[in-house]
Structures are given as structure tokens and as C-alpha cells.
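As C-alpha cells, the structure follows; a few thoughts come after it.
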Amino acid sequence: MKTVLLLRHAKSDWGDPGLADFDRPLAKRGLKDAPRMGEVLALFDAVPDVILSSPALRAKQTTELVAETCHYPKERIQWEESFYGSGNAAMIAALQNLPDKVVRVLLVGHNPATEETAAALLSARVEQAWSDDGAIRIPTAGLLCFGVNIASWSELQAGDATLYWFLIPKLVKAMR
């Protein structure tokens, strides 16, 4: 059994219209929400074996704050260029290429790729699970946990996962 944790980056700051999209930082809310999701991983005993993240600034800041609060070594974070500006294929390929000794992985990315990845994990027919009318919506800093009954990551196919839980910062804040 393998576990996939999927996190959309926290709320970004749109205050400087001159910044390139890649360089957009987290907003104040994002700086508060990202550590909350790291606390969830620690509390649920779900600290990943591996973290793969987009290197875009808002995703990088989110990942580093999550890693710090769940006590994952920042130097072990793997920055995946393919997670920025691409669809779910890059995230699924990253999962399929993981070494089999990895049991729990955290992917940190952007929409729509994060929503598309969630849909692909849940349904062999992605077009039915994800559409413009919103079958799956992941807000900023939304964190999902999937179980996948496979022995090897290379076996992963669309529809193989079961959603165990889905949390958003607002719910985590309310639970305190």
C-alpha cells in the first residue's frame, strides 16, 4: 500500500502586477495556512518519505513551511520543474518514477494540474471526474490523502486511488 499526499500551494500575493507568475510569493494568509497543513501531517503521523514540489516561489514557500512544521528535512525536498505550467501528466509520471522503497509522497503544485491529478488518481475516466463545471475543486492549501493499493509505483494507473481525507486550512483552523 502506498500513500499519495497532494497539496495545492497556499494563497499567493497578487499585489505586484509587475512580477512574473513564477516569482509570485505567498500572501499573509498563505504564510499562515501552509504551516497549518504541515501540522496536519505531523498530527496525523503522515510525514512523507519524499516531497516533490514545483519550484515556483509560492509553491516553494508553501513546501518549505510545510516541511518545517512537520519536521521534514528541507534539504531533501526535490524541486520538480515539470510541476510548473504543466498538467497532471507530470505529476503522475513523477509518482510512477518513484523508487518502490518510498511509501508516502507529498506532491505540491498548482491548479489546474493539482485538481487534474486528484481526478486522475480517482478515476480511470478523468474527463468524468474533472471538468470546467467543478467536479473536483481544491482551494489554496487544500491537502488530500489517497491510498493506492500497489506494490510498485510503476504500476500506478488512473483510477487506482481511494481518497482517505481532504482538508482545507479553514477546517484545520476551526478544529483548534
Side-chain angles (χ1 to χ4, degrees), residues 1-11 26 30 33-56 58-74 76-80 82-84 86-123 129-130 136-153 155-173 175:
M1 180 68 91
K2 307 287 188 186
T3 301
V4 176
L5 299 157
L6 185 61
L7 176 66
R8 181 179 173 195
H9 67 75
K11 181 74 174 164
L26 290 180
D33 288 347
R36 283 188 180 116
M37 304 323 277
E39 290 172 8
V40 165
L41 294 177
L43 181 66
F44 288 8
D45 196 24
V47 176
D49 301 319
V50 172
I51 297 178
L52 307 175
S53 174
S54 162
R58 60 196 178 276
K60 186 173 185 175
Q61 289 177 308
T62 299
T63 303
E64 289 176 343
L65 289 166
V66 167
E68 182 178 325
T69 52
C70 77
H71 308 291
Y72 182 91
K74 287 185 186 180
R76 289 187 34 221
I77 297 168
Q78 297 175 37
W79 306 107
E80 296 289 330
S82 65
F83 285 13
Y84 178 76
S86 62
N88 69 324
M91 290 182 142
I92 297 296
L95 290 171
Q96 292 170 328
N97 290 316
L98 286 169
D100 291 333
K101 67 181 180 181
V102 173
V103 175
R104 186 180 303 121
V105 61
L106 170 63
L107 305 179
V108 183
H110 311 268
N111 271 349
T114 304
E115 291 173 344
E116 293 171 354
T117 300
L121 289 169
L122 292 171
S123 175
W130 185 86
I136 293 178
R137 290 282 184 230
I138 303 172
T140 53
L143 176 63
L144 296 84
C145 178
F146 301 91
V148 189
N149 192 13
I150 54 174
S152 174
W153 287 105
E155 298 171 8
L156 179 67
Q157 295 185 28
D160 279 352
T162 300
L163 180 63
Y164 287 163
W165 48 263
F166 178 9
L167 287 173
I168 61 173
K170 188 183 283 187
L171 289 174
V172 174
K173 185 178 176 183
M175 293 185 327

Can you list everything that forms a side chain to side chain donor-acceptor pair (under 3.5 Å) with [X]? Sequence neighbours excluded, please.
{"X": "Thr140", "value": "Arg29"}
{"X": "Thr63", "value": "Ser53"}
{"X": "Asp49", "value": "none"}
{"X": "Glu68", "value": "Lys74"}

Applying side chain to side chain contact (heavy atoms under 4.5 Å, CB included) to Gln96 and not counting sequence neighbours gives Ile92, Leu156
[atom2] on [Y] to [atom1] on [X], rounded to 0.5 Å:
{"X": "Met91", "Y": "Leu121", "atom1": "CE", "atom2": "CG", "answer": "10.0 Å"}
{"X": "Glu80", "Y": "Leu52", "atom1": "CD", "atom2": "CG", "answer": "5.0 Å"}
{"X": "Leu95", "Y": "Lys2", "atom1": "CG", "atom2": "NZ", "answer": "11.0 Å"}
{"X": "Leu107", "Y": "Gln78", "atom1": "CG", "atom2": "CD", "answer": "10.5 Å"}
{"X": "Glu39", "Y": "Leu65", "atom1": "CD", "atom2": "CG", "answer": "11.0 Å"}

Quick one: ring-ring contact (aromatic ring centres under 6.0 Å, His included) pairs with a partner in residues 36-55, sequence neighbours left out?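 Pairs touching residues 36-55 that pass the test: Phe44-Trp165.
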Derivation and outcome, side-chain contact (heavy atoms from CB on, under 4.5 Å), residues Asn111 and Arg8: CA-CA 7 Å; Asn111 271 349; Arg8 181 179 173 195; 3.1 Å; yes
task: Kindly write out the residues that satisfy ring pair (Phe, Tyr, Trp, His ring centres under 6.0 Å) with Tyr84, not counting sequence neighbours, or none if the list is empty.
output: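 Only Phe22, His110 meet the ring pair (Phe, Tyr, Trp, His ring centres under 6.0 Å) criterion with Tyr84.
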Which atom of [X] lies closest to which atom of [Y], heavy atoms considered:
{"X": "Pro169", "Y": "Ala141", "result": "CG-CB, 3.4 Å"}
{"X": "Leu122", "Y": "Ala161", "result": "CD2-O, 3.7 Å"}
{"X": "Arg137", "Y": "Phe166", "result": "O-CZ, 3.6 Å"}
{"X": "Cys70", "Y": "Gly38", "result": "CB-O, 3.3 Å"}
{"X": "Ala59", "Y": "Ser54", "result": "CB-O, 3.6 Å"}
{"X": "Ala118", "Y": "Leu6", "result": "N-CD2, 3.7 Å"}

Applying side-chain contact (heavy atoms from CB on, under 4.5 Å) to Thr62 and Leu26, what does each step give before you reach the verdict?
CA-CA 8 Å; Thr62 299; Leu26 290 180; 3.5 Å; yes
For the pair [X] (side chain) and [Y] (backbone), establish whether a donor and an acceptor sit closer than 3.5 Å, ignoring hydrogens and angles.
{"X": "Tyr72", "Y": "Ile51", "result": "yes"}
{"X": "Asn97", "Y": "Ala94", "result": "no"}
{"X": "Arg104", "Y": "Val47", "result": "yes"}
{"X": "Asp33", "Y": "Met37", "result": "no"}
{"X": "Glu115", "Y": "Ile138", "result": "yes"}
{"X": "Ser123", "Y": "Ala120", "result": "no"}

Side-chain donor-acceptor pairs under 3.5 Å in residues 142-153, sequence neighbours left out?
residue, atom, partner, partner atom, Å
Ser152, OG, Asp100, OD1, 3.0
Ser152, OG, Asp100, OD2, 3.1
Ser152, OG, Ser154, N, 3.4
Ser152, OG, Ser154, OG, 2.9
Trp153, NE1, Val102, O, 2.8

**Study point:** Flag side-chain contact, heavy atom, 4.5 Å: Val105 against Leu5
**Key:**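 Answer no - side chains too far apart.
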### Query
Can you list the residues that meet the salt bridge (Lys or Arg N to Asp or Glu O under 4.0 Å) rule with Arg58, with sequence neighbours excluded?
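Testing Arg58 for salt bridge (Lys or Arg N to Asp or Glu O under 4.0 Å), a comparison that skips the adjacent residues, returns Asp21.
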